[in-house]
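Just follow the structure's listing: the first ligand is 1, and inside any ligand the first atom is 1. Just so it is clear, the model here is predicted, and its values are computed rather than measured.
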Amino acid sequence: MSENLSSQLGKYLPPPVLALVKIGGKDASELGQQLYLVGGVVRDLFLGRANFDFDLVVEGDAISLARRFANDSQAKLTVHSRFGTAKLDYPGFSLDLATARSETYSQPGALPTVNPGSIKDDLIRRDFSINAMALHLNPQRFSELIDLYHGKDDLERRLIRILHPKSFIDDATRILRAIRYEQRLGFKLDAETEKLLRRDVAMLDTISGDRIRHELELILKEDEPERTLRRAEELGVLSRLHPSLKGNGRLSKIFAKARQSDIHGSILSIYLCLLVYNLNDKAIAEFISRLNFPKNSAQAMRHALQLKRHIHSLANPKLKHSDIYQLLHSYSTPAVQANALASQSPIASQHLNLYLRKLRYVKPLLNGEDLKRMGIHAGPKIGEILNALQKAKLNGKARTRKDEEKLVNHLR
Ligand code: ATP
Ligand code: MG
């Protein structure tokens with residue numbers, strides 16, 4: 001087994017990382033400490049999936065080891081003494097070191113009380129068996145697998161399994177994490193885990209808005225977030241975040257369409273707008289407040305709904321380019337993008353896409369300074385003329401600088 005894993009490590013860890021963890025293991029031995037590679041990277045090593053989150057756990061003191069390790073491997077070192085963690089930065093990647101910890105939960109949903117502990121303590125506090133494996137890095141035991149909860153078997157059986165029946169009660173963010181891994185990896189929830197998840201769905205109410213939002217963002221960063229959303233709906237998880245949320249078929253088609261269209265900017269904000277596309281004002285306000293969304297995303301979601309309501313005015317084939325600009329320029333971009341994807345009117349979609357691809361970038365060649373130089377006095381007149389220039393340019397009535405100057409002279 002050990003030899004097998006050693007070659008696995010050699011095969012899937014990039015060579016510089018392999019060389020480094022060996023240095024770390026040697027340093028740990030010299031300090032009488034034990035060093036392990038843990039969590040997601042071990043899981044992905046067995047699955048042959050790339051993972052550049054190198055999490056290391058130290059039985060002992062991560063900070064003293066990190067100092068020596070950084071020194072022996074020419075790393076840039078950042079220490080967080082309060083958390084007993086350290087980061088070693090190398091060109092292109094980094095290693096995270098943490099002191100092994102034991103955790104207790106004083107009440108559901110609260111952050112746990114943390115104390116230094118053994119690797120065993122550190123693994124039992126983790127979310128799922130497949131995330132609770134460790135590989136020893138000290139030279140005498142290099143690549144030995146610590147797998148107290150049969151994570152390796154669960155990887156082979158393709159199961160997501162919690163470590164104890166109170167797991168979702170201790171930390172209900174695991175409900176969202178379970179579904180995310182299940183869908184990412186094409187696994188199934190273990191039957192008992194699914195039963196407990198369904199039983200404990202209401203525990204999501206004990207989690208702060210910020211933590212729920214963070215998990216939702218992690219879902220939206222997956223390759224195909226709509227899979228997780230659909231499953232979350234099926235399990236009654238989505239409606240726990242807000243009763244009006246749906247992860248249904250039309251939504252999933254639009255998510256896929258969003259990825260295929262060439263989007264400038266954040267696809268995350270577009271997904272959010274699509275997620276709330278069928279909600280009403282009250283529901284959106286509640287959802288924004290529950291997840292404590294920052295201003296930008298909150299505004300994008302509200303705008304998506306406002307624009308949806310005015311979409312009929314964009315379905316008029318006679319609109320001039322300047323009319324389209326006028327109708328759209330005050331909405332945040334993701335709201336316009338979401339409507340371009342979701343609108344059922346082909347003409348409206350065409351106009352929305354024209355705005356996104358072209359019209360929103362149209363600016364006159366002359367600016368305020370040019371107008372002053374032409375003898376226009378500073379004041380509201382400048383703004384009026386600039387608007388008129390932009391309108392003319394949008395409608396193809398002013399192509400060159402000369403055209404614009406002519407128009408200025410006509411308007412002054
Ligand atoms: P990903 O590929 O999504 O980054 P990961 O396994 O690296 O997966 P992280 O969110 O980076 O996940 O967390 C690192 C490790 O910390 C996990 O593998 C898991 O062992 C543990 N962990 C993270 N969140 C929780 C939680 N809510 N409860 C228990 N353990 C957790
Ligand atoms: Mg990770």
Check your understanding: Is the shortest side-chain N to carboxylate O distance from Glu194 to Arg198 below 4.0 Å?
Key -> yes
Check your understanding: Phe128 near ligand 1, heavy-atom distance under 4.0 Å?
Key -> no
Review point. Applying the side-chain contact (heavy atoms from CB on, under 4.5 Å) test to Leu238, which of Leu229, Leu216, Thr228 qualifies?
Key: Leu229
Review point. Among Asp127, Thr206, Leu111, Ile207, which one satisfies side-chain contact (heavy atoms from CB on, under 4.5 Å) with Asp171?
Key: Ile207
Practice item. Using a strict 4.0 Å cut-off to heavy atoms of Tyr181, name the atoms of ligand 1 that fall inside it. Key: 1 (P), 3 (O), 5 (P), 6 (O), 8 (O), 12 (O)
Point to revise | ligand 1-proximal atoms of Thr173, by part, heavy-atom distance under 4.0 Å | key: side chain
Review point. Which of the atoms of ligand 1 are close to Gly39, meaning less than 4.0 Å from one of its heavy atoms?
Key: 18 (O)
**Study point:** Between Thr113 and Tyr105: side-chain donor-acceptor atoms closer than 3.5 Å
**Key:** no
**Study point:** Residue pair Asn131, Arg126: steps toward the side chain to side chain donor-acceptor pair (under 3.5 Å) verdict
**Key:** CA-CA 7 Å; Asn131 285 347; Arg126 289 174 186 264; over 6 Å; no
Check your understanding: Got Asp370 and Asn367 here, is their nearest side-chain heavy-atom distance under 4.5 Å?
Key -> yes
Check your understanding: So which heavy atom in the protein is nearest atom 26 (C) of ligand 1, and how far is it from that ligand atom?
Key -> Asp171 OD2, 3.7 Å
Review point. Hey, which of Leu407, Leu365, Asp403 is the one that makes side-chain contact (heavy atoms from CB on, under 4.5 Å) with Leu389?
Key: Leu407
**Study point:** Heavy-atom nearest neighbour in the protein, as seen from atom 14 (C) of ligand 1, with distance rounded to 0.1 Å
**Key:** Asp55 OD2, 4.0 Å
Point to revise | Asp53 contact mode with ligand 1 (heavy-atom cut-off under 4.0 Å) | key: side chain
**Study point:** Residue Arg125 vicinity, atoms of ligand 1 by number, heavy atom under 4.0 Å
**Key:** 29 (C), 30 (N)
Review point. Do Glu233 and Lys246 meet the salt-bridge criterion of a basic N to acidic O distance under 4.0 Å?
Key: no
Exercise for review: Just go through Arg211, Arg49, His214, Arg177 and tell me whose heavy atom is the nearest to atom 25 (C) of ligand 1.
Suggested key: Arg177
Practice item. Tell me which one of Arg180, Arg174, Met133, Arg43 gets a heavy atom nearest to atom 28 (N) of ligand 1. Key: Arg174
Review point. Is Glu103 touching ligand 1 with its side chain, its backbone, both, or neither, if touching means heavy atoms under 4.0 Å apart?
Key: neither
Revision key, fill the gap. Counting from 1 in the order shown, the ligand 1 atoms closer than 4.0 Å to a non-hydrogen atom of Arg126 are 15 (C), 16 (O), 19 (C), 20 (O), 21 (C), 29 (C), 30 (N)
Point to revise | Nearest protein heavy atom with distance in Å, relative to atom 19 (C) of ligand 1 | key: Asp127 OD1, 3.4 Å
Review point. Would the Tyr271 and Phe255 ring centres measure less than 6.0 Å apart?
Key: yes
Review point. By atom name, which N, O or S atom of Asp53 is the nearest to the Mg ion (ligand 2)?
Key: OD2
Check your understanding: Should Asp44 be counted as touching ligand 1, given the test is an N or O pair under 3.5 Å?
Key -> no
Exercise for review: Return the residue, atom name and 0.1 Å-rounded distance of the protein heavy atom closest to atom 1 (P) of ligand 1.
Suggested key: Arg184 NH2, 3.7 Å
Check your understanding: Does Gly40 reach ligand 1 with a nitrogen or oxygen that is under 3.5 Å from one of the ligand's nitrogen or oxygen atoms?
Key -> yes
Check your understanding: So, do Tyr12 and Phe46 have ring centers that fall under 6.0 Å from each other?
Key -> no
Practice item. May I ask you to decide whether Asp205 forms a salt bridge with Arg240, counting only side-chain N to carboxylate O separations under 4.0 Å? Key: yes
